Amino acid sequence: MKVGYVRVSTKEQNTARQDEMMEALSVEKVFTEKVSGKNMNRPQLKAMMEFVRQGDTVVVESYSRLARSTKDLLTIVERLNEKGVSFISQKERIDTSTPQGRLMMTIFAGLAQFERECTLQRQAEGIAIAKAEGKYKGRQPIAKPTNWDSVYAQWKAGDITARVAQKKLSLTPATFYRMVKKWS
């Protein structure tokens, strides 16, 4: 079954051009929405993802209608692929049922990975410079609570539970046990 996804960013925009394309391609079921594509939290996108079955083909006018970021596009196409669903983007001539279409998606995935690694590299370089200038010291350790000794003694004696001790000290369980290990 051919399943279409049509999206425009605002209620004022119209979907006529995409609708005509879906009709010309004999798309049997179309999911349409008028919302931003900034993330994947879209009702009709979710409905389409739940609807499609193995052997179906999802058709879009352009991959920008499906996702605004490379990461989101690759995530959606990967989920479709896991379900045995092909993906066709008319404008870019991508069809994941063909070797050429899969190659294009692989290239997109490589570019997304490269972009992510470059971002992490720039971030690490920025942190290194900030540390050298004394501007970045990382997360500061949590100071020992002033009532630690008395609360710890109550807990160790079995007078209070760990949960009560954590509450009295305003600590999370992980921090409480880390401090127990450090100061006991």
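All of these numbers come straight from a predicted model, not from anything done at the bench.
- The heavy-atom pair separating Thr32 from Gln44 by the smallest distance is O-CG, 3.2 Å.
- Of the candidates Arg65, Glu61, Arg42, Tyr5 forms a side-chain hydrogen bond (donor to acceptor under 3.5 Å, both in side chains) with just one, namely Arg42.
- By the 6.0 Å contact criterion, NZ on Lys144 is enclosed, its count of non-hydrogen atoms from other residues, nucleotides or ligands being greater than 12.
- Here the side chains of Val164 and Gln166 are not in contact, with every heavy-atom distance at 4.5 Å or above.
- No side-chain heavy atom of Thr57 sits less than 4.5 Å from a side-chain heavy atom of Met1.
- With hydrogens and angles ignored, the 3.5 Å screen pairs a side-chain donor or acceptor of Thr172 with a backbone N or O of Thr175.
- The shortest side-chain heavy-atom distance between Leu169 and Met179 does not fall under the 4.5 Å cut-off.
- No donor-acceptor contact under 3.5 angstrom links the side chains of Lys34 and Asn14, judged on distance only.
- Under the 30°/60° scheme for interplanar angles, the aromatic rings of Phe176 and Trp148 are found to be tilted.
- The side-chain heavy atoms of Ile160 and Val151, taken from C-beta on, include a pair separated by under 4.5 Å.
- Because its NZ or CZ atom is both nearer than 6.0 Å to the ring centre of Phe31 and within 45° of the ring axis, Lys29 counts as a cation-pi partner of that residue.
- The distance from the CG atom of Leu66 to the CE atom of Met40 is 9.5 Å, given to the nearest 0.5 Å.
- Side-chain atoms of Ser36 never come within 3.5 Å of backbone atoms of Ser9 as a donor-acceptor pair (strictly under, hydrogens ignored).
- At distances below 3.5 Å, at least one donor-acceptor pair connects side-chain atoms of Glu92 with backbone N or O atoms of Tyr63.
- One distance of note links CZ of Arg17 with OG1 of Thr15; it measures 10.0 Å at 0.5 Å rounding.
- A search for salt bridge (Lys or Arg N to Asp or Glu O under 4.0 Å) contacts involving Lys11 returns nothing, not counting sequence neighbours.
- One N or O on the side chain of Arg7 and one on the backbone of Val35 form a donor-acceptor pair closer than 3.5 Å.
- Looking at Lys83, its side chain does come within 3.5 Å of a backbone N or O of Met49 through a donor-acceptor pair.
- The backbone N or O of Lys2 sits less than 3.5 Å from a side-chain atom of Glu28, completing a donor-acceptor pair.
- Looking only at side-chain heavy atoms (C-beta outward), Val8 and Gln18 come within less than 4.5 Å of each other.
- Heavy atoms of other residues, nucleotides or ligands lying less than 6.0 angstrom from CD of Gln13 number more than 12.
- Evaluation of the side-chain hydrogen bond (donor to acceptor under 3.5 Å, both in side chains) rule for Lys38 yields no partner, not counting sequence neighbours.
- Across Glu117, Gln121, Arg122, Gln123, a single residue satisfies side-chain hydrogen bond (donor to acceptor under 3.5 Å, both in side chains) together with Thr119, and that is Arg122.
- Contact of the Lys46 side chain with the Asn41 side chain is registered, since non-hydrogen atoms from C-beta on lie closer than 4.5 Å.
- The line from CG of Asp56 to CZ of Arg53 is 8.0 Å long, rounded to the nearest 0.5 Å.
- Considering CG of Leu45 and CG of Asn39, their distance stands at 9.5 Å, rounded to 0.5 Å.
- Looking at every heavy atom in both residues, Val27 comes nearest to Gly4 through CG1-N, 3.2 Å.
- Contact record, Lys168 with Asn147: O-ND2, 3.4 Å, taken as the closest heavy-atom pair.
- Between Met105 and Leu74, some side-chain heavy-atom pair lies under the 4.5 Å cut-off.
- Considering OG1 of Thr98 and CE of Met104, their distance stands at 10.5 Å, rounded to 0.5 Å.
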